[in-house]
2 protein chains.
Amino acid sequence: MTASELPPLPRLPSREEARGRRPARKRALSREAIAAAALAIVDREGLDALTMRTVARYMGTGAASLYAHVASKDELLELVIEQVIGEIELPGEPDPERWQEQLKELARTIRTVFSRHRDLARASFARIPLGENGLRGTDWMIAVMRAGGLPDQVIAYACDLFPLYVTAVCYEESLYGAETSTEDIAQFFDGMRHYFASLPPDRFPNVVSLAGPLTAGDFEGDDRFEFGLDVLLRGVAAMANQAR
Amino acid sequence: MTASELPPLPRLPSREEARGRRPARKRALSREAIAAAALAIVDREGLDALTMRTVARYMGTGAASLYAHVASKDELLELVIEQVIGEIELPGEPDPERWQEQLKELARTIRTVFSRHRDLARASFARIPLGENGLRGTDWMIAVMRAGGLPDQVIAYACDLFPLYVTAVCYEESLYGAETSTEDIAQFFDGMRHYFASLPPDRFPNVVSLAGPLTAGDFEGDDRFEFGLDVLLRGVAAMANQAR
DNA sequence: ACCTGAACACCGTTCAAGT
DNA sequence: ACCTGAACACCGTTCAAGT
């Protein structure tokens, strides 16, 4: 679990860089404890409740004490996300016969894992996972797509595109928070259908006539999510024998 | 531009609903002025600088005064986003011969428009555009895909999927903020390639060997973005003659 | 009816002072 | 060397009091 063997992470230059700020010495144990506390708070009360102060209170200290082990709230989030990515179990050995299905399996697992942690996906989105666990996943994806016989550049771009899609969906879905009941969501979709259906047909003829399908896909099921996976895999598969 | 002719928007129930809060009477002119000020601040200093206080200062009042015209900061953001969506010019009449290219054109335009407004995409992501301008775009997309002969449910899901992809990319790209120079980005990608290349090959063999392609796609050009568009369109096109 | 100063209940982060 | 109380410079939103 230690990142000590990995080379230092590449970063965009930050403003503080100039005035020679040294990263504080940190004890591995405490970093993990802080990350665990942070995740517990997210799981219990959601991302908005995650505050340097709430984490500190959870651990019986003041917020300032955390900065001895963690450089910023952003670094703390990175820690929490890396840990959650670690929960993702990869499907089995890459199988040339089933590479598409295996990629879908991974996507479904990622979605499941994030759904266990409230709206953490919101913080995870748009972060390149360069830690151990993220790399493990990327390495596996490459292996699977190589088994599928895809060209290198297609594989490389797809390694961005798949997680982008999955985490974007997770982000969206996390907005129907834990406090929003299934009925509330159903009613919201119902309301949206009625809204679309009652729009002026001269101005939005297609939206009006497609009100039903636009608001279909029960959010209990996975129709929308599976549709996106299908599209991505068919699209990528179509690039199997092609220079790009 | 007025939404007065549209039916009321469907919403998820909010906590305040219970205690019977009335939406304040608002003067259309001031709402627009506030939205214009907000957009000006975003354009000049970025989304983080957009604050009820900065908007108020910009207009020569206190923050509290804004609440006579706008229910919350979130509503203000919605206003700003609707206005920016209005900047998106739709490609011409749907053409059955060119429907795929036309959809790509729209995607490129959306990306261009958002790139004009700093990191506003961050706020726009995961919002369903139910206003005039968003509906206009959705109606057009449906028309184009109908010209392409796609099944209704495929069209409906694709109306979610395309904007999801485009805004997700915009979100990501907005993280390389205006203050990050092209060289900084190039160096970051360089650093990432070296990072991948210097990982332990026994643990991450595929990442190591694919370090080049993984970090390819100059961010000046649009390779990555175009790859995603290609995948989406090939995938959706593959569903043309299929029950779903 | 509209506007607003002041306040409330928060933030992330810093830093001098303690142990 | 590590920890922390207090402070700094902010937030979104409310509300009593003004006009």
Side-chain angles (χ1 to χ4, degrees), chain A residues 14-35 37-38 41-42 44-81 119-120 122-123 127 177, chain B residues 14-35 37-38 41-42 44-81 119-120 122-123 127 177:
Chain A
S14 72
R15 302 253 173 63
E16 295 78 30
E17 222 86 65
R19 49 180 178 115
R21 223 154 122 309
R22 304 240 121 264
R25 269 297 233 124
K26 290 140 202 164
R27 287 181 305 183
L29 229 163
S30 281
R31 277 171 74 83
E32 281 174 21
I34 291 171
I41 288 167
V42 171
R44 194 175 300 173
E45 304 181 62
L47 192 61
D48 286 339
L50 177 60
T51 280
M52 297 306 272
R53 281 168 164 89
T54 57
V55 173
R57 199 177 311 140
Y58 188 96
M59 303 184 76
T61 30
S65 303
L66 303 178
Y67 287 88
H69 305 97
V70 142
S72 63
K73 187 186 178 181
D74 195 71
E75 191 186 290
L76 173 52
L77 276 172
E78 206 104 37
L79 246 49
V80 172
I81 290 159
D119 49 354
L120 183 68
R122 230 172 69 214
R127 273 177 216 260
Chain B
S14 72
R15 303 254 173 64
E16 295 79 29
E17 223 87 64
R19 48 179 179 118
R21 226 154 119 311
R22 305 239 121 265
R25 275 296 238 116
K26 290 138 200 167
R27 290 181 304 183
L29 230 163
S30 280
R31 278 171 72 84
E32 281 174 19
I34 291 170
I41 288 166
V42 171
R44 195 175 300 173
E45 304 179 62
L47 191 61
D48 286 339
L50 177 59
T51 281
M52 297 306 272
R53 281 169 164 89
T54 57
V55 174
R57 200 178 310 140
Y58 188 95
M59 304 183 75
T61 31
S65 303
L66 303 178
Y67 287 88
H69 304 97
V70 142
S72 63
K73 186 186 178 182
D74 196 71
E75 192 187 288
L76 173 54
L77 275 171
E78 206 103 37
L79 246 49
V80 172
I81 289 159
D119 49 355
L120 183 68
R122 231 173 68 213
R127 276 177 215 260

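Across the strands present, dC15(D) finds its partner in dG5(C); the criterion is a Watson-Crick or G-U wobble pair with both atom distances under 3.5 angstrom. The nucleotide dC10(D) finds no pairing partner, because no Watson-Crick or G-U wobble arrangement with both distances shorter than 3.5 Å includes it.
Which of dA7(C), dT13(C), dT4(C) sits closest to the side chain of K73(A) comes down to dT13(C). Of the candidates dC11(D), dT4(C), dT14(C), dT14(C) carries the atom nearest the A64(A) side chain, counting heavy atoms from C-beta on. Of the candidates dT13(C), dG12(D), dT14(C), dT13(C) carries the atom nearest the S72(A) side chain, counting heavy atoms from C-beta on.
Checking side-chain atoms of S72(A) against main-chain N and O of E75(A) turns up a donor-acceptor pair under 3.5 Å. Remark: side-chain polar atoms of D119(B) are paired, donor with acceptor, to backbone N or O of L47(B) under 3.5 angstrom. The closest donor-acceptor contact from the side chain of S30(A) to the backbone of H69(A) lies at 3.5 Å or more, if one exists at all.
A heavy-atom distance below 4.5 Å is found between the side chains of L76(A) and M52(A).
Note: CD1 (I34(A)) to C1' (dG12(C)) measures 15 Å, nearest angstrom. One can place OH of Y67(A) at 10 Å from C1' of dC11(C), the figure rounded to the nearest angstrom. For the pair M59(A) CE and dC2(D) P, the computed distance is 16 Å after rounding to whole Å. Per the geometry, CZ belonging to R57(B) stands 13 Å off P belonging to dG5(C), to the nearest Å. Going from atom CZ of R53(B) over to atom P of dA6(C) covers 13 Å, rounded to whole Å. Computed from coordinates, the E75(B) CD to dG12(D) P distance equals 15 Å when rounded to whole Å. In this entry the distance linking CG of L50(B) with P of dC11(D) reads 10 Å, nearest Å.
Counting any heavy atom pair closer than 4.0 Å across all strands shown, S65(A) reaches a base atom.
Comparing M52(B) and L66(A) along DNA chain D, the residue whose closest nucleotide (by nearest heavy atom) sits nearer the 5' end is L66(A).
L77(A) pairs with exactly one of V42(A), L50(A), V70(A) by the side-chain contact (heavy atoms from CB on, under 4.5 Å) rule, that one being L50(A).
Between dC2(C) and H69(B), no contact under 4.0 Å exists linking OP1 or OP2 to a side-chain N or O.
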